Amino acid sequence: MRDTNPIQLIGTSGLMVEMKAEIQRVARSDAKVLITGESGVGKEVVARAINDASTRAQAAFVPVNCAGIPETLLESELFGHVKGSFTGAYRDKPGKLEMADNGTIFLDEIGEMTMRMQGLLLRFLETGEIQKVGAERMGRATNVRVIAATNKNLRDLIVLGQFREDLFYRLNVIHLIVPPLRERREDIPPLIEHFVRRYTSGQDGNGNGNGNGGNGGPGNPGNNPSRYIARQLAPEAVMALTAYGWPGNVRELENVIERLIVTGRREVIEVGDLGPELRAPGASLRPRKERRKTIADELYKKLLDERQCFWATVYPLYMNREITRGNVRDLVHKGLEEARGNYKIVLKLFNMDSRDYKRFLNFLRKHDCQLPFKEYRQ
Ligand SMILES: Nc1ncnc2c1ncn2[C@@H]1O[C@H](COP(=O)(O)OP(=O)(O)OP(=O)(O)O)[C@@H](O)[C@H]1O
Ligand SMILES: [Mg+2]
């Protein structure tokens with residue numbers, strides 16, 4: 001079960017030094033940890049580092065990705081199943097929670113769990129007991145440390161009714177935020193060095209030394225450490241990469257280094273080899289409005305797809321300050337786009353009575369959410 005590759009958390013920036021100290025502190029307890037941060041920042045690396053620094057280091061670290069697999073499969077994956085509980089269940093199978101006994105389970109992308117799975121997880125967190133799929137009774141109690149991660153804002157999901165508040169408080173005992181790479185650029189050169197060493201020494205990070213997937217390596221298959229021509233990056237190339245925005249964070253950096261090493265035709269990779277997008281500093285900085293947009297998108301969906309009424313859905317959230325004026329403005333913007341600037345149609349889209357026209361416009365005016373319709377008339 002034990003991973004043979006000890007995890008290395010590269011980074012010398014103030015933020016990373018602080019994070020490493022926090023990891024050591026957190027590792028001394030068994031408290032649940034919630035790790036948040038953008039995609040590719042290293043949430044799983046941090047989770048592993050906590051496990052490795054803890055007294056559970058010799059037991060299993062079991063990662064489970066809660067996204068992208070159907071609910072029933074996830075249930076059996078986490079809790080296990082008994083023989084005959086569904087077609088194809090030929091024998092009893094232990095779940096990941098059982099496999100993580102005395103160790104750590106890492107629940108990745110927890111924000112993607114369905115409400116029902118959230119309920120099952122909550123029950124487990126309350127009792128520590130596992131009920132396998134198809135089992136009549138609860139099984140024995142386990143001793144598992146739970147670390148969860150997400151790149152979503154769970155508080156937003158709670159507001160939208162997609163994440164259980166009680167589960168959130170259970171998981172959020174210790175909250176670690178892994179900052180995006182662009183906020184700790186000092187870490188970029190050591191990370192580059194780390195990945196260059198990895199790819200020039202024939203280790204691809206999966207431990208199989210065979211990770212170029214046919215994407216242009218100089219046809220020398222096998223585990224030969226010197227199969228690539230490129231060995232290092234010129235200082236100007238490192239500088240250019242340090243200035244880049246890295247919207248995909250460390251994972252994107254790792255992929256770029258792999259590509260450069262695998263496809264490089266000279267020993268030293270120069271700035272000219274980087275490609276136009278990597279040479280334009282800040283070109284890919286992530287728009288700050290992104291989170292705000294998601295809320296408006298979700299609300300819009302509720303109104304249009306689920307045919308909920310603006311007064312029942314959006315109005316109370318705004319009045320209780322659970323969503324902002326910006327969210328309402330974004331929502332109105334989307335409505336006006338669809339209605340080509342006609343507020344009466346927006347009224348209909350948002351499932352309000354035609355007699356509410358004045359009330360709606362008064363509300364928007366009063367809260368500075370009325371957008372000029374003319375811009376949408378095209
Ligand atoms: N500080 C670091 N030192 C060394 N490698 C790192 C570091 N941070 C991230 N990585 C590497 O970057 C890749 C992405 O990291 P990880 O999978 O932990 O990110 P994540 O935040 O879980 O991403 P996602 O949200 O997409 O699941 C991995 O290959 C990991 O090994
Ligand atoms: Mg992850």
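From a predicted model like this one, the values you see are computed outputs, not experimental measurements. Indexing begins at 1, ligand by ligand and atom by atom, following the structure's order.
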| query | Can you check side-chain hydrogen bond (donor to acceptor under 3.5 Å, both in side chains) on Ser13 and Asp187, steps first, answer last? | reply | CA-CA 6 Å; Ser13 62; Asp187 294 338; 2.9 Å; yes

| request: Evaluate the salt bridge (Lys or Arg N to Asp or Glu O under 4.0 Å) criterion for residues Lys334 and Glu337: first the C-alpha distance (whole Å), next the side-chain angles of each, then the deciding distance (0.1 Å), finally the verdict. | output: CA-CA 5 Å; Lys334 289 176 81 76; Glu337 263 186 348; over 6 Å; no

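Excluding waters, the protein N/O/S atoms found under 2.8 Å from the Mg ion (ligand 2) are Asp108 OD2.
The main-chain N or O of Pro179 is found under 3.5 Å from a side-chain atom of Arg184 such that the two form a donor-acceptor pair. Under a 3.5 Å cut-off, the side chain of Arg307 and the backbone N or O of Asn351 do not form any donor-acceptor pair. Judged by distance alone, with hydrogens and angles left aside, the side-chain atoms of Arg145 form no donor-acceptor pair with the main-chain N or O of Thr104 at under 3.5 Å.
A salt bridge is defined here as a Lys NZ or Arg NE, NH1 or NH2 lying under 4.0 Å from an Asp or Glu carboxylate O, and Arg198 with Glu258 fails to meet this definition. By the 4.0 Å N-to-carboxylate-O rule, Lys301 lies too far from Glu306 to be salt-bridged with it. Between Glu267 and Arg231 there is no salt bridge, since no side-chain nitrogen of the basic residue lies less than 4.0 Å from a carboxylate oxygen of the acidic one. A salt bridge is defined here as a Lys NZ or Arg NE, NH1 or NH2 lying under 4.0 Å from an Asp or Glu carboxylate O, and Arg116 with Glu75 meets this definition.
Residue Gly42 places at least one N or O, backbone or side chain, under 3.5 Å from an N or O of ligand 1. At least one N or O atom of Val45, backbone or side chain, sits closer than 3.5 Å to an N or O atom of ligand 1. Residue Lys43 places at least one N or O, backbone or side chain, under 3.5 Å from an N or O of ligand 1. For a threshold of 3.5 Å applied to N or O pairs, the pair formed by Glu254 and ligand 1 contains at least one separation below that value. Residue contacts with ligand 1: Arg198 is placed with no nitrogen or oxygen under 3.5 Å of a nitrogen or oxygen of the ligand (distance criterion only). Of the polar atoms of Arg251, at least one N or O is found under 3.5 Å from an N or O of ligand 1, judged by distance alone.
Contacts between Gln8 and ligand 1 below 4.0 angstrom, taking non-hydrogen atoms only, involve the backbone exclusively.
Of all protein heavy atoms, the one closest to atom 7 (C) of ligand 1 is Val250 CG1, 3.9 Å. Looking only at protein heavy atoms, the nearest one to atom 5 (N) of ligand 1 is Phe195 CZ, 4.0 Å. In this structure, atom 22 (O) of ligand 1 lies nearest to the protein heavy atom Glu44 N, 3.3 Å.
Under a 4.0 angstrom heavy-atom cut-off, Gly40 registers as being in contact with ligand 1.
Heavy-atom contacts of Leu9 reach the following atoms of ligand 1: 1 (N), 3 (N) (cutoff under 4.0 Å). Residue Ile10 approaches ligand 1 through these ligand atoms, each under 4.0 Å from one of its heavy atoms: 1 (N), 2 (C), 3 (N), 4 (C). Near Leu191, meaning under 4.0 Å from one of its heavy atoms, ligand 1 places the atoms 2 (C), 3 (N), 4 (C). Near Asp108, meaning under 4.0 Å from one of its heavy atoms, ligand 1 places the atoms 27 (O).
Aromatic rings of Phe310 and Tyr318 (six-membered ring for Trp) have centroids beyond the 6.0 Å cut-off, not under it.
The aromatic rings of Tyr244 and Trp246 lie perpendicular to each other, with more than 60° between the two planes, well past the 30° mark. A perpendicular orientation is assigned to the rings of Phe79 and Phe124, their planes being inclined by more than 60° (bins at 30° and 60°). Between Tyr315 and Trp311, the ring-plane angle classifies as perpendicular under the 30° and 60° cut-offs.
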